[in-house]
Amino acid sequence: MDPIHNGHSSSDNHFMKFIFILIIVFTQISFAQSFVKLKDWRYLPADEGFWTLIEKSIKEEDFKEGFKIIEGQINKSKSQFQRLETYLALGSLCRKLNYSGCSFVSFMHIIKSSPSSMPAMQALLFLSEDNSRFPQDEEELSRIINTGSFKEIPEQLNPMVNYFIALDNLKKGKKQWAQKSAAEIPSHSYWGLRIQFFNAIYLIKEGKINESLNALNQLIIPVEKYPILAHSVKLQKARILFELKQFSEAEEIYKNFNSADRDFGRTILERAWIQYYLKDFSLALGMLESLKTPFFKVSVSPEQYILSLLIYRDLCHYESATDTSKVFNIRFKSIHEHLKSRKPLNEQVDLMRMVLLQPRLLSLANLVNEITQEKQKIIIEQSLGSTTGKLLNTLSVTYSNELRGRINRRIVTDLEKKAEHVLEVSEQMKILDYIVNLDKFRLQQTFENRSYKTEFVERFAIDKLYWPITDEAWWDELPKYRVLLEDRCKISEIKK
C-alpha cells in the first residue's frame with residue numbers, strides 16, 4: 001500500500017518519535033535540575049563608589065544617609081547593572097532595618113528582571129540568609145529555581161536551591177530525585193532542618209503519627225536558633241499531642257506561644273479546647289472571651305461559639321447557652337445573607353479571613369500584610385525622598401497585587417468549602433440549641449441572676465470562674481482571662 005495514503009508517512013513517524021524523546025529528556029532534566037556552583041563567589045559592584053557608600057551607611061547604621069545616597073543614584077544610573085544595583089542597595093538597607101516586605105520586593109524585582117546577573121545572585125543570597133526570620137513567597141522562589149532561571153549559583157546557595165528542588169520533585173512524585181537533592185543539603189544547616197521538618201509532617205500524611213512525633217522531638221533542640229522554624233515544629237508537636245489526647249503535655253507547649261500573626265487566634269482556640277477536655281471551664285471560657293476582642297477579628301471561627309455553648313450546657317447555664325446561639329446567628333448573619341444573594345464569595349470578608357488561615361495561604365496573606373503596612377511606614381520613618389518613595393511604592397503595589405491575584409485564583413474551591421462549613425455549623429448550633437432547651441426543663445431550680453460580678457475567690461476554689469474585663473484587654477493577659485460562674489449542675493444535683 002502506498003504510504004502516502006496510509007494516514008502517516010514513515011518520516012512523520014520518525015518525527016513523532018523524536019518529539020517524544022525530547023519530551024522525556026526535558027522532563028528528566030526538570031526533575032534533575034543542576035547548576036554550576038561558583039566557589040569563592042563575591043559580589044563585584046557596577047558602581048564601586050556608590051556601593052562603598054551604601055556599605056558604609058549600613059556599617060555605621062546611618063540608614064537615612066543611605067536612603068539619601070539611593071535618592072541621588074536613581075537618576076544617575078545608566079546601565080541595567082547600575083539600576084539593579086540601586087534596587088539591591090534599597091533591599092540591603094531595608095533588611096538591616098528589619099523591613100522584611102521592602103527587602104523582599106526589592107530583591108525579587110532584581111531576580112525576576114535579570115536572574116543570571118550578579119545583583120540577582122547577591123539578592124538570592126540575601127533571601128537565603130533571611131528566610132529563617134522573614135516571611136517570603138517561597139512558591140515563587142521555588143518556581144524561579146526549578147524553571148532553570150539560574151544556570152550558575154554561588155556555592156553558598158547550594159542548600160537552599162537543593163531544598164526547593166527536592167520539594168518540587170516530591171510534589172511530582174519523583175522521590176528518588178528528591179532524595180538525591182536532599183542528600184546535598186548538610187543535615188545540621190537551616191535548610192537541612194527544614195527538610196527534616198517536612199519529612200516529619202509527611203509521616204502524618206502517611207498515618208505514622210508516633211514516628212512523626214519522634215521526628216519532631218529530635219528537631220526541638222537543633223531548631224532553637226531559628227525562631228520561626230522552632231515555632232512551627234513546636235506547634236505541630238502540640239497538635240499531635242492533642243490528637244493523642246495528651247492534653248496536659250500539649251498545653252505545656254501551647255502556653256509559651258505569643259504571636260501577633262493572624263493565626264494566633266487559632267492557637268488560642270486550640271488551647272480553649274484543651275482546657276475544655278481538662279475540665280478547666282474557667283480558663284476555656286476566658287480564652288473564648290478574649291477571642292471577641294477586635295484584634296482577633298481576622299481569625300474568627302464558628303467553632304468558638306460551639307465550644308462556648310458546650311461549656312455553658314455542661315455547667316447547666318442554659319440561658320447563657322441560648323444567648324450564645326443567638327450571638328452566633330447575629331455574628332454570621334452577613335455570611336448567610338451573602339450566600340442567599342449569590343454574590344461572589346471572595347467579596348465576603350469573614351469567609352476570606354477564614355480561608356486565609358489555611359497554611360498554604362497564610363504565609364502569602366502575611367506577606368501581603370507585611371508589604372502593605374511597611375510601605376508608608378518606611379517613607380515616613382526614614383524620610384525617603386520623593387523618587388525613592390515612588391520607587392518603593394511601585395515595587396510594593398506591584399508585588400502585593402500579584403500575590404492577591406494568585407490568592408484569588410486558587411481560593412474559589414476553598415471559599416465554597418468554608419461557606420459549606422459555616423452552614424453546617426449553623427445547623428449544629430440549631431440542634432444544640434434545641435437540646436439545651438430540652439435540658440432546661442430537667443432543671444428543677446431556676447437561677448435568673450447572671451450578673452457574674454467579680455468576688456473574692458480562694459486560691460484553690462475550683463467551682464468559681466472569672467468574667468473578663470469588657471472595656472479593655474491587655475495583650476499579655478489574653479490567654480489568662482477567666483469567667484466567674486458556678487456549676488449549676490452541681491448545685492441542683494443533676495447528674496449527667
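- In terms of modelled atom types and a separation under 3.5 Å, the side chain of Ser57 and the main chain of Ile54 share a donor-acceptor contact.
- Counting all heavy atoms, side chain and backbone alike, Ile70 lies closest to Ala89 at CD1-C, 3.7 Å.
- Side-chain contact of Tyr43 with Glu85: a donor-acceptor pair under 3.5 Å is present, judged by distance alone.
- Here the side chain of Gln348 pairs a donor or acceptor atom with the backbone of Leu351 at under 3.5 angstrom.
- Between the side chain of Gln246 and the backbone N or O of Leu241, no donor-acceptor pair lies under 3.5 Å.
- Scanning all heavy atoms of the two residues, the minimum distance from Cys94 to Ser103 falls at CB-N, 3.6 Å.
- Side-chain contact, Asn131 with Glu138: a donor N or O sits under 3.5 Å from an acceptor N or O.
- Side-chain polar atoms of Gln73 and Asp47 form a donor-acceptor pair below 3.5 angstrom.
- Between Phe242 and Phe247, a ring centre-to-centre spacing shorter than 6.0 Å is recorded.
- Using a 4.0 Å cut-off between charged nitrogen and carboxylate oxygen, Glu65 and Lys56 do not count as a salt-bridge pair.
- At a cut-off of 3.5 Å, with distance as the only test, a side-chain donor of Glu71 or Thr388 sits close to an acceptor on the other residue.
- In summary, the aromatic rings of Phe104 and Tyr399 are positioned with their centroids under 6.0 Å apart.
- Residues Asn158 and Asn162 bring a donor and an acceptor atom of their side chains to less than 3.5 Å of each other.
- Classification of Glu270 and Arg266 as a salt-bridged pair holds, one side-chain N sitting under 4.0 Å from a carboxylate O.
- Taking the six-membered ring for Trp and the full ring otherwise, the centers of Trp273 and Tyr254 sit at least 6.0 Å from each other.
- In this structure, a donor-acceptor pair under 3.5 Å is present between the side chains of Tyr99 and Glu381.
- The two atoms that bring Val397 and Lys375 nearest to each other are CG2-NZ, 3.7 Å, heavy atoms only.
- Between Pro45 and Trp51 the shortest heavy-atom distance is CB-CB, 3.6 Å.
- No donor-acceptor pair closer than 3.5 Å links the side chain of Asp130 to the backbone N or O of Ser100.
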